Amino acid sequence: MADLDHANWEFDVEKIGRDLLEMQRVPLAEAHVAAIRQAGTQILYPAGTVLVRPGDPVETFVYVVDGEIEVMNSFTGERLVPATLGPTQFMAEISFLSGGSWSMAFRAAQDTRVIEVPRAEMLRLMAAVPEMSDIIITVLAARRRRQLESGDSSLVLIGEEADRDVRRIAEFAGRNRLPCASHPLGSAEAHAFTLSCAADPGRPAVIFGKDTVILDPTPEKIARLIGMSQDLVNDEAVDVLVVGGGPAGVAAGVYAGAEGLSALVVEDIAIGGQAGTSSRIENYMGFPTGISGADLVWRGEVQAMKFGTRFAVPLRVDALERLEEGGFCATFNTGSRVRTNAVVIATGVQYRRLPIDRLAAFEGAGIYYSATENEARFCRDAEVIIIGGGNSAGQAAMFLSRVAARVRLLVRGDSLAASMSSYLSSRLEADPAITIEYGAQVAAVHGEDRLEAVTIRRDGADERVDTCAVFVMVGAVPNTGWLADLVQLDAKGFVMTGADVNAASPFATSCPGIFAVGDVRGGSVKRVASSVGEGSVVISKVWDHVRG
């Protein structure tokens with residue numbers, strides 16, 4: 001996904017392209033280079049030396065003194081992009097901040113002299129010299145944006161349109177801002193990639209670099225290859241465990257790191273949470289032309305990593321127990337555990353699964369719970385249906401109307417006034433590609449391997465509509481099943497806090513040391529801005545608990 005959604009950047013693509021090119025190559029100041037020389041080791045790489053390959057751990061920061069480093073196509077061995085890294089530039093990716101893995105291969109195009117600084121020492125330097133940190137992070141973020149826009153990646157998907165497992169990887173990559181290339185089964189590009197790694201050209205595949213064809217692909221396997229899935233030391237201790245990587249959880253990660261707390265943020269699907277599926281948020285202060293939810297939260301993630309906060313995706317907390325000696329122990333779905341002095345619950349909510357026969361059979365094959373670029377590709381010039389009357393449903397309708405022939409928004413009630421912002425409902429009513437149907441619901445779904453049609457029931461009458469995509473954005477079910485009996489929940493499963501449980505802080509739960517923020521907290525305002533605010537403010541109370 002691009003840094004800004006299409007509605008925001010189409011008006012000046014050339015300017016943004018120039019800005020992006022400039023940001024990728026901002027040089028460090030002489031004082032910064034002097035600090036790097038003092039902290040690092042000078043190494044000479046002969047021409048043709050491969051410095052790193054996809055999947056290698058990011059262990060050093062590499063500053064180019066003289067010579068030239070090129071990005072290598074890991075499948076063909078040829079130069080991948082025309083631009084190279086020369087003197088005053090540095091070789092690094094955004095995964096440097098988190099300690100992940102390289103996503104691309106780099107090679108010395110000629111005899112090249114570099115200074116290599118161990119990652120931990122470089123992060124210490126960046127913390128001590130914020131001006132240097134600003135330049136490096138700006139460059140790394142711009143490089144990731146360029147990768148996302150160009151599709152240059154060692155992660156290649158073949159047959160996404162024909163295989164549900166491959167589509168699941170595409171969704172995981174898109175929502176987590178992982179660059180990947182996707183080619184239809186049987187295309188010339190797919191044939192070339194599969195032949196280069198001795199894979200069957202007639203079968204869908206997920207390929208990482210030339211030598212790795214991923215059998216039975218899962219998000220967990222991809223995360224491990226990319227380095228997103230942190231190798232946690234069993235029973236290691238942290239100051240605060242943040243469960244949930246939506247706006248509230250990421251904001252908590254930013255402020256926890258900034259205050260010097262050791263923080264771990266875990267998320268079982270994608271950093272961004274439900275907000276990450278919003279194609280355009282226009283009512284968040286500071287972004288008058290709007291911003292995608294994924295980009296907003298990604299900026300926060302980078303900011304949190306700058307302060308030392310760690311992220312682990314996909315990782316789910318299966319159990320949380322209180323320890324007799326104080327603090328808590330969280331057990332993850334991988335079997336590993338972490339001990340923590342405090343827990344911030346930021347698991348948000350998920351859209352309700354509708355009680356429609358065979359609905360689950362089409363999830364990922366016509367039934368979707370998010371509307372991003374990934375899903376939009378399958379809706380071009382088609383009729384699509386959105387179920388829901390909230391802001392997320394409205395934003396999805398506006399986004400999909402740019403590619404779909406028609407968008408039908410089904411609302412069970414007789415008005416949008418109570419559930420959707422006025423500016424958004426007015427736009428929906430004015431868009432000729434969108435029709436709002438009140439008192440309507442999907443009664444049945446039809447198809448073989450993929451969704452082919454639905455039955456819409458309205459005023460007692462049924463209508464069969466051919467469609468390839470239905471977006472379910474109705475209801476809010478809190479993700480609190482893993483909490484067992486540690487904290488009090490209200491009748492709907494939301495976490496009770498503050499005065500409702502006789503706690504001093506509005507974010508404290510009935511169990512001292514456990515806090516709740518964002519949509520999962522009972523009585524919270526279900527908006528991105530309020531979630532960010534709660535995630536930011538709660539850390540002051542976490543600090544009091546941890547250091548008290």
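In this text the structure is predicted, and so the values were computed from the model without any measurement.
Using a cut-off of 4.0 Å between Lys/Arg side-chain N and Asp/Glu carboxylate O, Asp235 and Arg337 are scored as salt-bridged. Salt bridge Glu149/Arg146: absent, no basic N to carboxylate O contact under 4.0 Å. A salt bridge links Arg521 to Glu534: one of the charged nitrogens lies within less than 4.0 Å of a carboxylate oxygen. Between Arg143 and Glu93 no salt bridge is recorded (no basic side-chain N to carboxylate O distance below 4.0 Å).
Side-chain contact, Tyr351 with Ser392: a donor N or O sits under 3.5 Å from an acceptor N or O. Of the N and O atoms on the side chains of Ser426 and Glu429, not one donor lies less than 3.5 Å from an acceptor on the other residue. No donor-acceptor contact under 3.5 angstrom links the side chains of Asp318 and Thr331, judged on distance only.
Here the closest heavy-atom approach between residue Asn234 and residue Gly335 is recorded as OD1-O, 4.4 Å. The two atoms that bring Gln350 and Gln274 nearest to each other are CA-OE1, 3.9 Å, heavy atoms only. Contact record, Gly366 with Leu451: O-CD2, 3.4 Å, taken as the closest heavy-atom pair.
Within the 4.5 Å cutoff, the side chain of Met126 has heavy atoms near those of the Ile136 side chain.
Partners of Arg527 under the side chain to side chain donor-acceptor pair (under 3.5 Å) rule, at least two apart in sequence or in another chain, do not exist in this structure.
Residues in residues 470-489 take part in these ring-ring contact (aromatic ring centres under 6.0 Å, His included) pairs, two or more places apart or across chains: Tyr368-Phe471.
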